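Residue indices begin at 1 and follow the sequence shown. Computed from a predicted model, the values in this text were never measured in an experiment.
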Amino acid sequence: MEMTSQQSASKHPKGLWVLFGTEMWERFNFYGMRAILTLFMVNSLMMKEEDASIIYGGFLGLCYLTPMLGGFISDRFFGNRNCIMLGGIMMAIGQLLLFFSASVFDANLSLANTLMWTALGIIVFGNGFFKPNISSMVGSLYPKQEKSKLDTAFTIFYMGINIGAFLGQFICPLIGDVKDSGGIRDVHAFKWGFLAASIAMILGTAIFFFLKNKYVVTPEGKPIGGKPSATDAGDYEEGESQKAQFSTTAILIALSVFAAVFFLFYFNTNSDNIVKLYIYPFIYGSGVALATLILLDSTLTKVETQRIWVIYIMSFFIIFFWAAFEQAGSSLTFIADNQTDRNIFGWDMPPSMVQIFNGLFVVIFAFPFSILWDKLRAKNIEPLSTVKQSIGLLLIAVSYFIIANNVKDLGNSGLLAIKWLILLYLIQTFAELCLSPIGLSLVGKLAPKRFASLAYGVFFISSAAGYALSGTLGSILPATGDKFKKATELGIDLQGVLDKSVTPTAEQLQLLETNQISAIYPTFAGFEIQNLYDFFMVFVVLCGLAALLLFLLTPAIKKMMNGVR
């Protein structure tokens with residue numbers, strides 16, 4: 001009888017599986033679109049790889065910035081449930097617009113670009129309504145005495161994310177990134193990938209709509225995620241304020257911080273790309289301003305303030321993780337397309353599908369990692385969240401160090417064996433399982449309840465900034481093998497042009513521009529990135545230093561947690 005009771009207590013509420021299914025189809029929609037987006041921009045909309053990477057980074061950054069707005073609107077006005085429904089519908093519409101963009105580009109390139117920008121804008125705001133609210137509801141499923149289950153719950157939830165990512169990254173490239181036997185890409189096929197993504201989002205929204213009232217409830221049967229006016233005061237700790245209070249002075253200070261950060265980045269951006277010039281500074285400025293505003297809430301206690309600072313510190317270091325991890329949809333996809341032997345048992349895998357290994361490995365290893373943390377916790381030797389995240393950053397650095405040494409001697413015509421990209425995604429999956437679901441769980445434990453969804457929005461600031469940085473780093477990808485081959489076909493010695501040993505004519509420069517080939521080496525922090533080895537070592541240094549510094553800060557952060565593990 002005692003065993004039955006323990007088993008019952010160890011079970012997770014059915015509402016977790018409803019949220020699991022909803023998020024799974026939403027991630028199918030998002031990651032499926034993400035897999036083919038940059039290739040669509042380059043091959044159908046005729047953009048440069050550099051510009052596609054910057055737009056990609058800005059788009060992802062905004063997708064993880066708008067959860068702050070979605071979290072605020074949910075907390076103050078609509079509630080989690082309504083925001084999830086609104087966000088799901090908006091994202092489905094956005095994918096449909098991408099489908100139409102990919103259907104008309106050859107007849108009307110200007111209209112296709114307009115549809116693409118409109119679609120991305122709608123998806124950005126749809127994601128903002130959806131993402132923080134569904135994460136917040138996972139934490140709300142568990143009563144106070146079962147908060148210890150949150151790490152395991154978020155790992156299960158995160159597995160749902162990656163099952164969806166796996167399916168999206170398999171199906172959308174399979175039908176949307178198609179090449180013939182001669183290696184010629186069918187640029188009209190992208191539309192089917194976007195259509196599949198839209199259908200997936202409709203499925204996810206329908207699951208939530210029909211099952212939320214029955215299963216997404218508290219142990220007492222009360223609906224979770226209703227409008228704020230219906231919030232039960234009993235959900236709050238004794239003496240805990242139920243409403244944030246921001247004075248006019250606090251709001252003015254936050255606006256001043258936004259302006260200062262925006263113009264700091266704006267005037268130090270050496271680019272005429274509109275996304276990099278305006279969107280990136282907006283992302284950085286908004287993130288720092290909102291973080292400042294929360295700290296100016298007059299109801300915060302000393303302990304609450306210290307715990308919020310822990311969230312901010314962890315979020316800062318996560319920036320470097322996502323900047324490296326999110327190369328999957330830009331630079332790593334371009335490398336898979338241009339300089340990788342993708343032959344697997346006689347089948348030439350579509351380049352946009354190579355990133356599928358991350359989702360596959362998460363599905364395989366999410367439960368083992370969950371069991372590992374549970375066993376370590378039972379023995380009272382579970383690492384602190386800061387140590388887990390330090391390990392995650394270190395693994396990212398290791399993954400790039402391995403691949404850097406394998407591209408070192410490729411030259412301009414050598415092909416990278418796909419096994420090295422697969423190994424990179426395996427190691428990065430282990431890094432992700434150390435870092436990302438644990439971070440979500442930590443926010444649930446540390447954030448004051450009156451900032452429930454907004455705190456998750458703040459956590460996503462790190463993702464927004466990381467994705468913006470990923471766009472900047474992705475844009476410094478040097479010319480890969482296909483570029484040199486194309487230049488040779490045009491009668492141009494591209495290596496000589498890059499090394500400045502050959503002076504190209506105006507006509508040759510125009511040919512390179514038309515074929516989206518840069519005539520100069522990209523630079524980062526004053527250093528020329530002359531080859532793929534240099535490119536990958538940038539991530540080794542950034543993530544390696546971040547891992548070391550976060551590990552050294554662990555004792556101080558532990559004190560600031562005030563007893564929270």
- [ ] Tell me, with the steps shown, if Phe527 and Met537 meet side-chain contact (heavy atoms from CB on, under 4.5 Å).
- [x] CA-CA 12 Å; Phe527 295 95; Met537 287 304 296; over 6 Å; no
Task: Verdict with reasoning, Val138 to Leu16, per side-chain contact (heavy atoms from CB on, under 4.5 Å) - done: CA-CA 6 Å; Val138 172; Leu16 176 64; 4.1 Å; yes
TODO: Please step through side-chain contact (heavy atoms from CB on, under 4.5 Å) for the pair Gln389 and Ile318, ending with a clear verdict.
DONE: CA-CA 8 Å; Gln389 296 194 349; Ile318 287 174; 3.8 Å; yes
- [ ] Begin from the C-alpha positions of Arg307 and Met560 and carry the test side-chain contact (heavy atoms from CB on, under 4.5 Å) through to its verdict.
- [x] CA-CA 6 Å; Arg307 288 175 175 173; Met560 295 170 66; over 6 Å; no
TODO: Begin from the C-alpha positions of Asn358 and Gln169 and carry the test side-chain hydrogen bond (donor to acceptor under 3.5 Å, both in side chains) through to its verdict.
DONE: CA-CA 10 Å; Asn358 170 241; Gln169 290 169 340; 5.6 Å; no
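Nearest heavy atoms, Ile476 versus Phe524: CD1-CB, 3.7 Å. Pro478 approaches Phe535 most closely through the heavy-atom pair CD-CB, 3.9 Å. Shortest non-hydrogen contact noted between Pro173 and Ser352 is CB-OG, 3.1 Å. Across every non-hydrogen atom of Ile123 and Met91, the tightest pair is O-CG, 4.0 Å. Nearest approach of Gly88 to Phe130, heavy atoms of both residues: N-CD1, 4.0 Å. Annotation for Ser53 and Ser330: closest pair OG-CB, 3.6 Å, computed over non-hydrogen atoms.
Of the charged side-chain nitrogens involved, at least one lies within less than 4.0 Å of a carboxylate oxygen, so that Arg34 and Glu326 count as a salt-bridged pair.
Contact annotation: the side chain of Met41 never approaches that of Tyr56 to less than 4.5 Å [non-hydrogen atoms, C-beta and beyond]. Ile279 has its side chain out of reach of Ile54: every pair of non-hydrogen atoms, C-beta onward, lies at least 4.5 Å apart. Side-chain atoms of Phe551 and Leu394, non-hydrogen and from C-beta on, never get closer than 4.5 Å to each other. Side-chain contact check for Phe166 versus Val362: every heavy-atom pair is 4.5 Å or farther apart. Within the 4.5 Å cutoff, side-chain heavy atoms of Phe367 are placed close to those of Ile156. Taking 4.5 Å as the limit, every side-chain heavy atom of Tyr521 sits out of range of all side-chain heavy atoms of Ile529. Counting heavy atoms from C-beta outward, Leu62 and Ile283 have side chains that approach closer than 4.5 Å. Contact of the Thr38 side chain with the Glu49 side chain is not registered, since no non-hydrogen atoms from C-beta on lie closer than 4.5 Å.
Between the side chain of Tyr312 and the main chain of Ala291, a donor-acceptor pair closer than 3.5 Å is present. In this structure, the side chain of Arg342 engages the main chain of Met349 through a donor-acceptor pair within 3.5 Å. At distances below 3.5 Å, at least one donor-acceptor pair connects side-chain atoms of Asn29 with backbone N or O atoms of Glu26. Between the Asn127 side chain and the Cys63 main chain, a donor and an acceptor come within less than 3.5 Å of each other. When atom types are taken as modelled, the side chain of Gln327 and the backbone of Ser470 share a donor-acceptor pair closer than 3.5 angstrom. No donor-acceptor pair under 3.5 Å is formed between the side chain of Ser74 and the backbone N or O of Gly70. Between the side chain of Thr66 and the backbone N or O of Val124, at least one donor-acceptor pair lies under 3.5 Å. Side chain of Thr523 to backbone of Glu528: no donor-acceptor contact under 3.5 angstrom is found.
Here Phe369 and Phe365 keep their ring centres 6.0 angstrom or further from each other. Aromatic rings from Phe401 and Phe536 are positioned such that their centres are separated by 6.0 Å or more. Between Tyr278 and Tyr266, the distance from one ring center to the other falls under 6.0 angstrom. Here Phe539 and Tyr400 bring their ring centres to under 6.0 angstrom of each other.
Within 6.0 Å of CG on Asn268 lie more than 12 heavy atoms contributed by other residues, nucleotides or ligands.
Tested against Trp420 for a side chain to side chain contact (heavy atoms under 4.5 Å, CB included), the candidates Ile418, Leu416, Ile422 yield a single pass: Leu416. Under the side chain to side chain contact (heavy atoms under 4.5 Å, CB included) test applied with Leu332, the options Val354, Thr340, Leu424 reduce to a single match, Leu424.
Side-chain atoms of Glu50 and Asn273 include no donor-acceptor pair closer than 3.5 Å. If you check the side chains of Gln355 and Tyr31, you find no donor sitting under 3.5 Å from an acceptor.
Between the CG atom of Leu393 and the CZ atom of Phe320 there is a distance of 9.0 Å, given to the nearest 0.5 Å. To the nearest 0.5 Å, the span separating SG on Cys83 from CG on Leu69 amounts to 9.0 Å. Separation of atoms OH (Tyr425) and CZ (Phe430) is listed at 16.0 Å; rounding is to 0.5 Å. In this structure, CD on Glu304 lies 10.5 Å from CG on Asn562, to the nearest 0.5 angstrom. The CD1 atom of Ile319 sits 11.5 Å away from the CG atom of Leu542 when rounded to the nearest 0.5 Å. In this structure, CZ in Phe325 is found 11.5 Å from SG in Cys543, a value given to the nearest 0.5 Å.
Ring pair Phe30/Tyr64 is perpendicular by interplanar angle, where above 60° counts as perpendicular and below 30° as parallel. Ring geometry, Phe28 versus Trp25: the interplanar angle falls from 30° to 60°, so the pair is classed tilted.
Phe20 is linked by a ring-ring contact (aromatic ring centres under 6.0 Å, His included) to Trp17, counting only residues two or more places apart in sequence or in another chain. For the side-chain hydrogen bond (donor to acceptor under 3.5 Å, both in side chains) test, no residue two or more places apart in sequence or in another chain qualifies with Tyr533.
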